[in-house]
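These notes concern the structure reproduced below.
All heavy atoms count here, side chains included; hydrogens, waters and symmetry mates do not. For reference, positions follow the sequence shown, starting with 1.
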Amino acid sequence: QVQLVESGGGSVQPGGSLRLSCAASGFTGRDYCMAWFRQAPGKEREGVAAIDAVGITAYTDSVKGRFTISKDKAKNTVYLQMSSLKPEDTAMYYCAADYHRIWGSMGWVQVNQFKYWGQGILVTVSS
C-alpha cells in the first residue's frame with residue numbers, strides 16, 4: 001500500500017524559507033513521479049512542482065526561481081525547498097505520486113493524473 005507522509009510545514013514571514021519533505025513507501029519499482037500541489041482557501045488545487053523517475057522537473061510559473069524540487073532515492077523522499085516566500089504562497093501543500101512521466105511539463109501535473117496523495121501540510125506566509 002502506497003503511503004505519502006509530508007512534514008516541514010509551518011509559519012514564516014514574507015521573504016523567508018521553508019523545506020517540505022515527503023516520505024514515500026509501498027511503491028513497486030521506481031518508475032513513478034512525485035509532485036507537490038497546493039490549495040489555498042476558496043481556490044482549486046494546483047500543481048506546484050514535480051520530479052519524475054529520471055529526475056526531470058517541472059514548475060508552475062509563479063514559483064520558478066523560488067522553489068526547488070529534489071529527491072533522495074535512497075530515502076524515497078522528495079523535498080520542496082521554498083525560498084522568497086510570499087503571502088500568496090499560503091496554502092495546504094499536498095504531496096502526490098503516480099506512475100507516469102512528466103516530460104518537463106506541468107501539463108502532466110494535474111490533479112486527476114495522480115492516484116496517491118498525502119494528508120497535506122499547512123504553509124502560512126504572514127508578517
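Looking at every heavy atom in both residues, Thr77 comes nearest to Ser21 through CG2-CB, 4.3 Å. Counting all heavy atoms, side chain and backbone alike, Ala49 lies closest to Leu80 at CB-CD1, 4.1 Å.
Between Gln119 atom CD and Tyr94 atom OH the span is 9.0 Å, to the nearest 0.5 Å. To the nearest 0.5 Å, atom OG1 of residue Thr90 and atom CG of residue Leu85 are 8.5 Å apart. Atom CE in Met34 sits 12.0 Å away from atom OH in Tyr116 (nearest 0.5 Å). Separating the CG atom in Leu4 from the CZ atom in Phe27 is a distance of 5.0 Å, to the nearest 0.5 Å. Taken from CG in Leu122 to CD in Gln39, the straight-line distance is 12.0 Å, to the nearest 0.5 Å. With rounding to the nearest 0.5 angstrom, the CD atom of Gln110 is 10.5 Å from the CD atom of Glu46.
Between Pro87 and Pro14, the closest side-chain pair of non-hydrogen atoms falls below 4.5 Å.
With sequence neighbours left out, Cys95 forms a disulfide (SG to SG under 2.5 Å) with Cys22. With sequence neighbours left out, Gln113 forms a side chain to side chain donor-acceptor pair (under 3.5 Å) with no residue at all. Every residue two or more places apart in sequence or in another chain was checked for a side chain to side chain donor-acceptor pair (under 3.5 Å) with Ser84, and none qualifies. Listed by chain and residue number, nothing satisfies the side chain to side chain donor-acceptor pair (under 3.5 Å) test with Gln81 (two or more places apart in sequence, or in another chain). In terms of the side chain to side chain contact (heavy atoms under 4.5 Å, CB included) criterion, residue partners of Ser25 (sequence neighbours excluded) are, by chain and number, Gln3. The side chain to side chain contact (heavy atoms under 4.5 Å, CB included) check on Ala53 picks up Asp31, with sequence neighbours excluded. Listed by chain and number, the residues in a side chain to side chain donor-acceptor pair (under 3.5 Å) with Asn76 are Arg30 (sequence neighbours excluded). Partners of Arg101 according to the side chain to side chain contact (heavy atoms under 4.5 Å, CB included) rule, which considers only residues two or more places apart in sequence or in another chain, are Asp52, Val54, Ile56, Trp103. Residues passing the salt bridge (charged side-chain N to carboxylate O under 4.0 Å, His left out) test with Arg66, sequence neighbours excluded: Asp89. Judged as a salt bridge (charged side-chain N to carboxylate O under 4.0 Å, His left out), and not counting sequence neighbours, the contacts of Lys64 are Asp61.
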| task | Apply side-chain contact (heavy atoms from CB on, under 4.5 Å) to Arg38 and Val63, showing your working. | result | CA-CA 12 Å; Arg38 67 185 178 187; Val63 307; 4.1 Å; yes
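Below 30°, between 30° and 60°, or above 60°: for His100 and Trp108 the angle between ring planes is between 30° and 60°, a tilted geometry.
Listed by first and then second residue, the disulfide (SG to SG under 2.5 Å) pairs involving residues 24-61 amount to none (not counting sequence neighbours). Listed by first and then second residue, the ring pair (Phe, Tyr, Trp, His ring centres under 6.0 Å) pairs that reach into residues 33-55 are Phe37-Phe114, Phe37-Trp117, sequence neighbours excluded.
In this structure, Ile102 is a member of the same hydrophobic cluster as Val111, with clusters built from ILVMFWY side-chain heavy atoms closer than 4.5 Å. By the criterion of side-chain heavy atoms lying less than 4.5 angstrom apart, applied directly or through intervening Ile, Leu, Val, Met, Phe, Trp or Tyr residues, Tyr79 is not grouped with Tyr93; the two fall into different hydrophobic clusters. Hydrophobic clustering of Ile, Leu, Val, Met, Phe, Trp and Tyr side chains at less than 4.5 Å, counting indirect connections, unites Tyr32 with Ile69. Taking hydrophobic clusters as Ile, Leu, Val, Met, Phe, Trp and Tyr residues chained together by side-chain heavy-atom distances below 4.5 Å, Met92 shares a cluster with Val109.
More than 12 heavy-atom neighbours from other residues, nucleotides or ligands sit within 6.0 angstrom of CD on Glu88.
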